[in-house]
Amino acid sequence: MSERTALYEGKAKIVYASESPDELVLHFKDDTSAFDGEKVEQLAHKGEINNAFNTFIMEYLQGEGVPTHFIRRLNARESLVRRLEMIPVECVVRNRAAGSLSKRLGIEEGRILEPPTLEFFLKNDALHDPMINTSHIRTFGWATTEEVEAMRRWTMRVNILLSALFAKANLILVDFKLEFGRFDGELYLGDEFSPDGCRLWDARSLEKMDKDRFRRNLGGVVEAYIEVARRLGVPLPAVS
Ligand code: ADP
Ligand code: UDP
């Protein structure tokens, strides 16, 4: 087998070129990072679980009419996606206060946010992903007014779809981050949706079932991801 070309290695994934110039392979690593990459650990099987989890969520969203980059899962750790020109903006929706919002505004963790908030962050590790507004996005040309409106609409739609999906699994979708990109003049949801990029709490105990277990050294990180996947009915690869 010939060596593949890694186009980019990020904190959680490696992006490979594929046989088609319009498609990429996303390889999900076990690497888990927090605090701008200050804390990094390898968590056995996390890559396989997130690849399976992301496949389930992307296929669900696609079935509900959300345009996504997802094409198909290739193997335990890899999926084929449409190659996008990524927009360097992270779209974060919050249904409850947590994380940086609680810290920034002094809101107690867990407060229900009605209506849910939508925030934009610039995807820039060196600047620690600063919060930005739609005016910054327009002025600095990160996206057009139409793209911002489409990102807002799709992110809120994903929130409605996934909040209901997780609620059926007795989980609260506290917040999550989405990334979008362009292909042929159209906007698509890109990157991944997994417990690495969202907060999920058990509906009864409010126990954390997401990457906050890693951020806060609570232990049982992969076990929590597996439990979330099991409740949703995500087919998981055999991991021991
Ligand atoms: P990070 O870059 O934040 O460390 P990852 O390790 O997850 O994150 O790397 C995956 C990279 O691939 C991200 O920079 C993401 O924006 C990019 N990406 C995700 N989906 C696509 C896509 N369909 N086309 C091009 N790039 C993508
Ligand atoms: N998030 C993410 N990548 C980032 C920043 C945030 O996936 O680079 C997710 C994070 O997991 C959470 C939501 O976006 O589900 C909101 O994160 P927050 O702004 O509270 O930042 P944090 O305190 O998690 O750094």
Side-chain angles (χ1 to χ4, degrees), residues 6-18 20-40 46-47 50-51 54 58 67-71 77-105 107 109 113 116-132 142 155 158-159 162 166 172-184 186-201 208-216 221 225:
L7 299 177
Y8 173 80
E9 176 156 5
K11 296 184 290 297
K13 298 191 284 301
I14 305 171
V15 181
Y16 290 106
S18 75
S20 160
D22 289 343
E23 295 171 2
L24 295 172
V25 174
L26 297 186
H27 175 105
F28 289 74
K29 303 192 286 182
D30 285 344
D31 294 20
T32 312
S33 72
F35 313 122
D36 291 321
E38 250 176 61
K39 177 176 158 96
V40 183
K46 194 209 67 164
N50 278 3
N51 189 32
N54 180 61
M58 287 286 174
T68 89
H69 68 159
F70 189 81
I71 299 172
R77 284 186 183 271
E78 296 179 341
S79 287
L80 190 67
V81 300
R82 201 184 285 265
R83 182 185 205 137
L84 303 180
E85 182 194 341
M86 295 304 288
I87 294 172
V89 172
E90 300 186 336
C91 304
V92 171
V93 177
R94 302 175 189 271
N95 297 303
R96 292 204 185 215
S100 72
L101 176 113
S102 289
K103 203 165 153 192
R104 190 181 340 115
L105 300 180
I107 310 289
E109 185 181 83
L113 304 175
T117 65
L118 172 63
E119 296 171 342
F120 298 109
F121 296 87
L122 180 65
K123 198 171 155 60
N124 185 319
D125 282 340
L127 296 177
H128 311 291
D129 293 353
M131 191 160 115
I132 51 175
W142 292 313
T155 303
V158 167
N159 187 40
L162 295 188
F166 285 113
I172 298 169
L173 180 57
V174 170
D175 59 29
F176 63 89
K177 179 264 303 177
L178 298 181
E179 290 180 30
F180 293 87
R182 318 173 174 98
F183 180 85
D184 231 358
E186 297 292 325
L187 191 85
Y188 289 82
L189 174 60
D191 206 44
E192 69 177 275
F193 192 102
S194 75
D196 270 4
C198 67
R199 288 191 168 91
L200 293 165
W201 294 352
K208 298 180 197 311
M209 313 281 285
D210 54 70
K211 199 161 93 171
D212 268 351
R213 300 200 69 81
F214 174 74
R215 294 189 188 95
R216 299 182 179 204
V221 182
Y225 288 25

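Remember, it's 1-based here, ligands and their atoms both numbered in the order they're listed. The analysis underlying the following values was restricted to heavy atoms, covering all of them including side chains, and did not include hydrogens, waters or symmetry mates.
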For ligand 1, the portion of [X] having any non-hydrogen atom under 4.0 Å away:
X   : result
E85 : neither
K13 : both
M86 : side chain

Practice problem: Record the part of D175 in heavy-atom contact with ligand 2 below 4.0 Å; permitted values are side chain, backbone, both and neither. | Solution: both
Quiz item: Between D196 and ligand 2, which part of the residue brings a heavy atom under 4.0 Å of the ligand: side chain, backbone, both or neither?
Solution: backbone
Can you confirm, on distance only, whether ligand 1 has an N/O atom lying under 3.5 Å from any N/O atom belonging to [X]?
X    : value
E192 : no
L24  : no
L84  : yes
R82  : yes
Y8   : yes

Self-check item: Ring center gap for F180 and Y188 short of 6.0 angstrom
Solution: no
Contacting atoms of ligand 1, where contact means under 4.0 angstrom from a heavy atom of [X]:
X    : value
V81  : 23 (N)
H69  : 20 (N), 22 (C), 23 (N)
E179 : 15 (C), 16 (O)

For ligand 2, is there an atom lying under 4.0 Å from some heavy atom of [X]?
X    : answer
E119 : no
E90  : yes
R94  : yes

Quiz item: Taking the six-membered ring of F28, is the NZ or CZ of R77 close enough (under 6.0 Å from the centre) and on axis enough (within 45°)?
Solution: no
For [atom], closest protein heavy-atom neighbour:
atom                    : answer
atom 11 (O) of ligand 2 : R215 NH2, 2.9 Å
atom 22 (P) of ligand 2 : R199 NH2, 3.7 Å
atom 4 (O) of ligand 1  : K11 N, 2.7 Å
atom 18 (P) of ligand 2 : S100 OG, 3.4 Å
atom 14 (O) of ligand 2 : K177 CB, 3.5 Å
atom 12 (O) of ligand 1 : V15 CG2, 3.5 Å

Are side-chain N/O atoms of [X] and [Y] paired as donor and acceptor at under 3.5 Å?
X    : Y    : result
S79  : N51  : yes
R94  : S100 : yes
Y225 : D196 : yes
N95  : D175 : no

Quiz item: Charged N to carboxylate O below 4.0 Å: is that the case for R83 and E23?
Solution: no
Quiz item: Touching ligand 1 at all, K29? Heavy atoms, strictly under 4.0 Å?
Solution: no
Exercise. Please test K13 against D31 for salt bridge (charged side-chain N to carboxylate O under 4.0 Å, His left out), starting from the C-alpha separation and ending with a verdict.
Key: CA-CA 8 Å; K13 298 191 284 301; D31 294 20; over 6 Å; no
Self-check item: Enclosure of K39 NZ (heavy-atom neighbours >12, cutoff 6.0 Å)
Solution: yes
Quiz prompt | Protein non-hydrogen atom found under 4.0 Å from atom 6 (C) of ligand 2 | solution = no
Practice problem: Give a yes or no on whether atom 25 (O) of ligand 2 lies under 4.0 Å from any heavy atom of the protein. | Solution: no
Practice problem: Any chance you could lay out the salt bridge (charged side-chain N to carboxylate O under 4.0 Å, His left out) test for K208 and E109, step after step, and finish with the verdict? | Solution: CA-CA 12 Å; K208 298 180 197 311; E109 185 181 83; 2.8 Å; yes
Quiz prompt | Member of V93, V158, L162 meeting the side-chain contact (heavy atoms from CB on, under 4.5 Å) criterion with L173 | solution = L162
